[in-house]
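These numbers come from the heavy atoms of this one structure, side chains and all, not from hydrogens, waters or symmetry mates. Every number for a ligand or one of its atoms is a count from 1 in the order of the listing. Keep in mind the model is a prediction, meaning the values are calculated, not measured.
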Amino acid sequence: MTGLEDFRATVRDWCAAHVPKDWRSNQTGVGDDEFVAFQKAWFAQLHTAGYAVPHWPAEWGGGMGVAQQIVLYQELAAADAPRLVLAFVGIHHAASTLLAAGTDEQRKRHLPAILDGEIWVQGFSEPEAGSDLAALRTTAKADGDNFIVNGQKLWASGAKHADWCLLLARTDPDAPKRHGISYFLMDMTTPGIDVRPIRNAVGDSHFCEIFLNDVAVPAANLVGPVNQGWQVAQATLGAERGMTMLELAERLSNAGFTWLLQACSPVEDPVVADRLAQFEIELTGLRGLCRDLVERTEAGQAGPADASIVKLYYSELLQRMTGYGAEIGGLAAHTVLTKPASSGWESGAWMLDFIGSWEWTIPGGASEIQRTIIGERGLGLPR
Ligand SMILES: Cc1cc2nc3c(=O)[nH]c(=O)nc-3n(C[C@H](O)[C@H](O)[C@H](O)COP(=O)(O)OP(=O)(O)OC[C@H]3O[C@@H](n4cnc5c(N)ncnc54)[C@H](O)[C@@H]3O)c2cc1C
């Protein structure tokens, strides 16, 4: 066996021993406390095995090559392992930002804590500042060793469970939009923070409003220089649009396609067979794009629109596949109105999956914005 095949066998054995067999039924209809406890326990198991943050540098507990990461994600998908929903922002967005722009102290304070279960939320969007993020109006005014923050954040996924927040706030109201923004790490237990969940189209309330009223954030929690938060935020958005996709593509390829085959089985109609073949081709394309992106990012050679291409392709393929599941899955696809917490966006509960798939075409830059990035920065078209 090659090293990679040995690794695959090791992960497969580990999954057989550790993936909870009945998690789908046990996580259906659970409340917040059970969901959080389950997520933290599953994260701890993955961390103990060395599988929680394979994409981090070795010195911080990662260090897996791209080929190994793909094998890991393939095996987790094949074993139908629960997803790391709660830790997602911490292990991707927060880690990428701290590694790219944090101080040594910030890295030492937070990266080990994330591995111990610290939960993060991204506090970027505001009313009237989503696609046009640079229009954000939350202010942070210097006051001794602190900045005093006032304003409102919107659509903050997982805020009600978060320990820390990646916060963008305006520190110079007179500067041009992108030049007056700073990037902070905000402790969610600080007085003056009020988190209010918003109910979404499938009845969940995972995203929230965050109201900030005279919240004192230590100046030591600035990431990067004051007024240069826009540049720092590109690391966060880059993670959201790109590196997270490696696992998502493997999950969609395996779990999504497995559920779709089940819904269509037996495949006797040539029109259905044709459609499935088309999805298989598109999934192969997606996985190739993701691998390419991660390899080029690691080599420092990623183009300015590469992450946008992957995010756009993934989110629209997810939408097409879940839409087809709802179309082909018959009445059952429309009457299953609960799905397990800790599952992903292709759980096999097609109607919910289809509605949920629209989530992916909006955050981190909606599809229209990604197309503009691809046109202008990738293809060099005029603005
Ligand atoms: C499921 C989900 C989770 C989210 N999680 C988070 C989170 O954790 N943290 C966070 O900070 N934010 C989060 N967001 C917010 C997300 O980043 C914003 O919704 C997104 O940036 C779009 O902003 P908006 O909602 O204000 O829509 P708008 O910016 O008002 O856009 C509305 C529509 O107009 C289009 N549009 C806008 N401007 C242009 C343009 N210049 N050219 C062409 N079309 C345009 C958009 O593409 C979109 O279709 C989340 C959103 C969703 C749906």
Side-chain angles (χ1 to χ4, degrees), residues 83-97 119-138 149 151-170 177-178 181 183-186 188 193 195-212 229-230 232-241 244 248 305 307-308 311-312 314-316 318-319 322 339 344-345 352-377 381-383:
R83 305 279 272 265
L84 289 179
V85 190
L86 198 61
F88 195 72
V89 174
I91 63 176
H92 291 293
H93 307 62
S96 298
T97 307
I119 304 301
W120 284 75
V121 60
Q122 179 185 322
F124 282 18
S125 306
E126 298 182 5
E128 313 302 327
S131 301
D132 186 12
L133 183 59
L136 62 88
R137 286 177 298 182
T138 291
V149 180
Q152 181 194 349
K153 294 291 166 180
L154 192 59
W155 314 124
S157 302
K160 61 182 171 176
H161 305 304
D163 303 303
W164 283 82
C165 176
L166 302 168
L167 179 82
L168 289 181
R170 188 162 299 288
K177 281 198 304 193
R178 294 185 181 188
I181 293 172
Y183 198 120
F184 298 92
L185 310 174
M186 181 176 74
M188 290 295 281
I193 301 177
V195 175
R196 299 185 202 164
I198 307 168
R199 204 170 153 81
N200 70 12
V202 292
D204 288 341
S205 38
H206 71 268
F207 50 36
C208 306
E209 295 172 292
I210 307 177
F211 293 89
L212 302 157
W230 187 256
V232 179
Q234 300 318 306
T236 315
L237 293 171
E240 184 164 13
R241 289 173 188 157
T244 54
L248 294 171
S308 293
K311 199 254 178 184
L312 181 68
Y314 168 79
S315 54
E316 298 197 347
L318 175 70
Q319 215 168 75
T322 53
K339 67 182 216 177
W345 293 268
L352 297 182
D353 287 348
F354 178 59
I355 297 171
S357 73
W358 289 79
E359 290 188 351
W360 266 99
T361 53
I362 302 170
S367 292
E368 292 80 4
I369 304 301
Q370 305 301 347
R371 287 194 167 85
T372 300
I373 294 172
I374 294 166
E376 290 178 0
R377 293 191 220 156
L381 299 175
R383 284 176 66 81

Between ligand 1 and [X], is the shortest N or O to N or O distance under 3.5 Å?
X    : result
E368 : yes
S157 : yes
E359 : no
S131 : yes
S367 : no

For the student: nearest non-hydrogen atoms of A305 and I374, plus distance
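Smallest interatomic distance, heavy atoms only, reads CB-CA, 3.8 Å.
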Determine the minimum heavy-atom distance between E359 and W345, stating which atoms define it.
OE1-NE1, 3.3 Å
Is the closest heavy atom of I369 to ligand 1 under 4.0 Å?
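It does, in that a heavy atom of I369 comes within the 4.0 Å cut-off of ligand 1.
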With heavy atoms of [X] as the reference, note each atom of ligand 1 found under 4.0 Å away.
X    : answer
G130 : 21 (O), 23 (O), 24 (P), 26 (O)
G364 : 17 (O)
I362 : 19 (O), 20 (C), 22 (C), 53 (C)
A156 : 7 (C), 8 (O), 9 (N)
F124 : 11 (O)

Any side-chain donor-acceptor pair under 3.5 Å between Q122 and T236?
no
Interatomic spacing from NZ in K153 to CE in M186 - rounded to 0.5 Å:
8.5 Å
Applying the side-chain hydrogen bond (donor to acceptor under 3.5 Å, both in side chains) criterion to Q152, which one of E209, R137, E126, R196 satisfies it?
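Option passing the side-chain hydrogen bond (donor to acceptor under 3.5 Å, both in side chains) with Q152: E209.
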Got a sec: does the CH2 of W230 have more than 12 other heavy atoms crowding it under 6.0 Å?
yes
Identify whether the distance between the nearest side-chain nitrogen and carboxylate oxygen of R383 and E376 falls below 4.0 Å.
yes
Between R170 (side chain) and K177 (backbone), is there a donor-acceptor pair under 3.5 Å?
yes
Regarding atom 7 (C) of ligand 1: of the candidates W360, W155, W120, which has the closest heavy atom?
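Looking at heavy atoms only, the winner is W155.
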